[in-house]
Amino acid sequence: MNTIRNIAVAAMLTTGCLTTTAQTMIGKNNIQLNSRQMTPEALWAMGRIGGYAAAPDGKHIVYNVAYYSVQENKSHHILYVMDSNGKNQKQLTTTAKNETDAAWLSNERIAFISDGEVWAMNIDGTNRRQLSHTKGEVEGFLFSPNLQYVILIKSIPYHGSIQQNPSDLPKATGRLVTDLNYRHWDHYVETIAHPFLAPVAEDGTIGSEEDILNGMPYECPMAPFGGIEQLAWSPDSKHIAYTCRMKEGVAYAISTDSDIFLYSLDAEKGSKDKLRNLCKEDNNLPNNPFAKDAEKRVDPTKSMKNQRINAVGKEKGTDFNVGYDQNPKFSPDGRYLAWLSMERDGYESDRNRLLVFDLKEGKKKYVTESFDSNVDDFCWSDSKDATLYFIGVWHATENLYSINWKGEVKQLTDDWADFGSLQMLNNGKQILAERHDYFHAADLYVITPDSKKTEKTKVEQITNENKHIFDQLDGGKVQQRWVKTSDGKDMLYWVILPPNFDETKQYPTLLFCEGGPQSPVSQFWSYRWNFMIMASQGYVVIAPNRRGLPGFGSEWNEQISGDWTGQCMRDYLSAIDDAAENLPYVDRDRMGAVGASFGGFSVYYLAGHHEGRFKCFIAHDGAFNLESMYTDTEEVWFSNWEYEDAYWNKDLSENARRTYENSPHRFVDKWDTPILCIHGEKDYRINANQGMGAFNAARLRGIEAQLLIFPDENHWVLKPQNGILWQRTFFNWLNRWLK
């Protein structure tokens, strides 16, 4: 019997506030569950907290929540405002239109986006007024501190890689492609984002805008994930710092070399002070670890072998910041500019370091060199001593740290949780952040570091968006466990246990294979790969922090490059074998392996190498044939770095040869276990032919298999009904083979 389907139908029948039309607002879902078990419908009924911002005086917070209607198959974004202690919450949205990107114009006035235009309203939602008139083209905005200017993000036509069709063929759907980067993530690249500068009148009306990158064929913010955080105003409103990768075509496709530019509003056009590339300044100082005679980087004129090592001179002006540089933020006094910086070109998972540029002295300093992991977000505290707060992953949790100009790192929180993006609150005395873990969706928290350094950092929850749903659910438990790997290292893995866990019983068990390949298995909350729903459905989940994950030092993180089928795969097996042998509640006769992206690749590889450990597999958007993957993917720098070489070269490096020889598709003859393949046809990172090829191979081998294909989804599953279908298919497959 299809138990998942029955539970789903029952949940739908008891769901409230989901009957909507195009003119009806989708609001908070007051779902009433008839079971204390998490279901796909309960998961999709939850509100999802997004962007948030504190008022200048720190007394109020405005934030966004997205609600989803499965029946309408769409979402609706609503704005709320509350006191900074979480009290007096008020809903500001009054229409069925999405309202997002809220920012404070003053302590009493809020700007936001509605229907592609910038609007403003009072703190109580009254006096709503449209400020911009761009025919609905605004994708993001950032007002200057003096409110005299605003940056508007808009898309402009771009035909650098795809020729524009003849005007006499208006209904032609063909695209003539002339260079790389013609597709990115899930769309054809026929527009790019540009920042526009516009004056603001005293009444708030936004005037005619001017393209800051006028005539330049480069994007800002950077696709596919960049937003307004890639730009910043100086406190005196005289400068704009922005992120840009000034490359096109093949050079764009093989490079991650973005830079931070400083645009001066007062300087004359064409003068050297109008636009400065800060990544090309101060590269020969002792504190810069990359001012060397030789530098590891990708040569943009080459795309194949040996492109990592290329001699770079020390001549003045050479760009030694050759990886990703992004997300600039000015210090409160405007003297410093900090941003996230990666060392190596073409390495998208390089360590994210925090770089501070002294604009007065013209000096850079990499202040987080002693923190051997990524800085994921940061905010300024007191610019007098250049103190910053940041979040970073260490030992599979994302906690809060402080750093000073001397590079001294102090850990402020030590939770089994992940903190999200940061901003200062209450004149720099507190920090506003989002927090989540395996059994709690995102909520907002206020963090008060102990100024006297005598007490523990105070962490206070100020929203409880989904309490009405979690109160109806039984939560599970999570444990940490360390195991020796095959090469004698210590590896941490998470054990997620079902609700009402009974250690005298045996449970079907899932090995979770992480994607990335270098994304942390920290305390994430996902609306697809959700450990709470897996545990709630009666599964123990084993989630290893295998080789190739950040949070355990650079050596551990980088070992995976060029060794996709080596130590990281043995690490997976070390974790699941330890669990099967030493955790009596793990039923070794009912184990499955699941994963997405690199995790999907891992599943395809394990299918030919598991030696009877697993009874079923699920692979989502995984690479199956690495030779095909090399030229299929749109961001070629990924293949260049991870595989080291193109498969057609005859003198392959040892790592490249091993990579291609161990591609999962070469071991289909050893497949003997049922497998579910899932893929989105709009996934241009790992194309759908990879999933279809794996499914076809399994069926041609006579192996039980299913293919769940989404014509309208990318590397993720974003539409509510597709999300429900994904969860039902996922658990029906597991239940069939493990229960």
Side-chain angles (χ1 to χ4, degrees), residues 232 234-235 241 260 262 278-279 281-292 320-321 323-344 350-395 397-414 419 421-431 433 447-458 550-555 557:
S234 63
I260 302 298
L262 190 66
L278 299 184
C279 292
E281 297 183 11
D282 183 45
N283 283 303
N284 299 313
L285 297 182
N287 64 59
N288 188 335
F290 313 119
K292 304 174 182 178
F320 289 102
N321 295 75
Y324 274 131
D325 290 275
Q326 55 187 332
N327 300 3
K329 296 182 182 181
F330 286 92
S331 61
D333 64 358
R335 174 169 176 172
Y336 302 102
L337 182 67
W339 66 81
L340 301 179
S341 178
M342 291 187 181
E343 171 186 354
R344 288 161 285 187
D350 205 355
R351 183 164 65 96
N352 242 339
R353 303 153 306 130
L354 187 55
L355 184 153
V356 178
F357 191 104
D358 186 333
L359 294 166
K360 181 178 180 180
E361 300 292 335
K363 297 179 179 179
K364 294 175 187 170
K365 189 166 186 176
Y366 300 83
V367 295
T368 54
E369 294 306 285
S370 63
F371 185 72
D372 197 15
S373 190
N374 291 320
V375 175
D376 293 316
D377 192 28
F378 69 95
C379 63
W380 285 95
S381 176
D382 185 356
S383 62
K384 293 179 181 178
D385 58 359
T387 298
L388 300 104
Y389 296 114
F390 71 90
I391 51 173
V393 63
W394 189 254
H395 285 187
T397 59
E398 190 97 15
N399 274 289
L400 178 66
Y401 301 81
S402 66
I403 184 79
N404 59 22
W405 184 255
K406 297 178 181 178
E408 297 169 336
V409 176
K410 178 185 177 183
Q411 185 169 346
L412 301 178
T413 62
D414 188 17
F419 286 90
S421 58
L422 308 174
Q423 56 184 273
M424 294 311 302
L425 179 69
N426 195 18
N427 298 319
K429 296 179 181 178
Q430 295 176 309
I431 301 164
I447 303 140
T448 308
D450 177 33
S451 59
K452 298 180 181 179
K453 302 181 181 179
T454 58
E455 299 179 2
K456 185 178 179 181
T457 299
K458 188 176 182 180
F552 299 88
S554 294
E555 181 181 352
N557 185 54

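Below, all heavy atoms of this structure are taken into account, side chains as well, without hydrogens, waters or symmetry copies. Only a predicted model underlies this, so the values are computations on that prediction, with no experimental measurement involved.
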Can a donor-acceptor pair be found, under 3.5 Å and without considering hydrogens, that links the side chain of [X] to the backbone of [Y]?
{"X": "Arg344", "Y": "Gly323", "value": "no"}
{"X": "Ser373", "Y": "Trp394", "value": "no"}
{"X": "Asp350", "Y": "Glu343", "value": "yes"}
{"X": "Ser402", "Y": "Leu412", "value": "no"}
{"X": "Lys364", "Y": "Leu278", "value": "yes"}
{"X": "Asp372", "Y": "Ser554", "value": "yes"}
{"X": "Thr387", "Y": "Ser381", "value": "no"}

If every non-hydrogen atom of [X] is compared with every non-hydrogen atom of [Y], which pair is closest and at what distance?
{"X": "Gly392", "Y": "Asp376", "value": "CA-OD2, 4.1 Å"}
{"X": "Ser341", "Y": "Asp325", "value": "OG-OD1, 2.7 Å"}
{"X": "Pro235", "Y": "Phe330", "value": "CD-CB, 3.9 Å"}
{"X": "Ile391", "Y": "Ser421", "value": "CD1-N, 4.2 Å"}

Let me confirm one number: the [atom1]-[atom2] distance from [X] to [Y], rounded to the nearest 0.5 Å.
{"X": "Thr413", "Y": "Glu398", "atom1": "OG1", "atom2": "CD", "result": "9.5 Å"}
{"X": "Ile431", "Y": "Gln423", "atom1": "CD1", "atom2": "CD", "result": "11.0 Å"}
{"X": "Cys279", "Y": "Ile260", "atom1": "SG", "atom2": "CD1", "result": "5.5 Å"}
{"X": "Tyr389", "Y": "Cys379", "atom1": "OH", "atom2": "SG", "result": "8.0 Å"}

Starting from the C-alpha separation in whole Å, work towards a yes-or-no answer on side-chain contact (heavy atoms from CB on, under 4.5 Å) for Val375 and Ile403.
CA-CA 11 Å; Val375 175; Ile403 184 79; over 6 Å; no

Heavy atoms, side chains only, cut-off 4.5 Å: are Trp380 and Val356 in contact?
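Answer yes - side chains close enough.
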
Before giving the answer on side-chain contact (heavy atoms from CB on, under 4.5 Å), spell out for Leu359 and Leu262 the whole-Å C-alpha distance, their side-chain angles and the decisive distance to 0.1 Å.
CA-CA 10 Å; Leu359 294 166; Leu262 190 66; 4.2 Å; yes

[X]: partners by side chain to side chain contact (heavy atoms under 4.5 Å, CB included), with sequence neighbours left out:
{"X": "Glu408", "answer": "Asn404, Lys406"}
{"X": "Lys429", "answer": "Asn426"}
{"X": "Glu361", "answer": "Arg335, Asp358, Lys363"}
{"X": "Ala433", "answer": "Phe419, Leu422, Ile447"}

Report the C-alpha separation of Asn557 and Arg351 in whole Å, then their side-chain angles, then the decisive distance to 0.1 Å, and conclude whether the side-chain contact (heavy atoms from CB on, under 4.5 Å) test is met.
CA-CA 9 Å; Asn557 185 54; Arg351 183 164 65 96; over 6 Å; no

Stepwise side-chain contact (heavy atoms from CB on, under 4.5 Å) check, Leu355 with Leu340
CA-CA 6 Å; Leu355 184 153; Leu340 301 179; over 6 Å; no

Return the set of residues passing ring pair (Phe, Tyr, Trp, His ring centres under 6.0 Å) with Phe390 (not counting sequence neighbours), or none when no residue passes.
Phe371, Tyr401

Show the numbers, then the answer: is there a salt bridge (Lys or Arg N to Asp or Glu O under 4.0 Å) between Lys329 and Asp377?
CA-CA 11 Å; Lys329 296 182 182 181; Asp377 192 28; 3.2 Å; yes

Should the pair Trp339 and Phe357 be assigned to parallel (<30°), tilted (30 to 60°) or perpendicular (>60°) ring geometry?
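Ring orientation of Trp339 relative to Phe357: parallel.
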
Contacts of Asp414 that satisfy salt bridge (charged side-chain N to carboxylate O under 4.0 Å, His left out) - sequence neighbours left out:
none

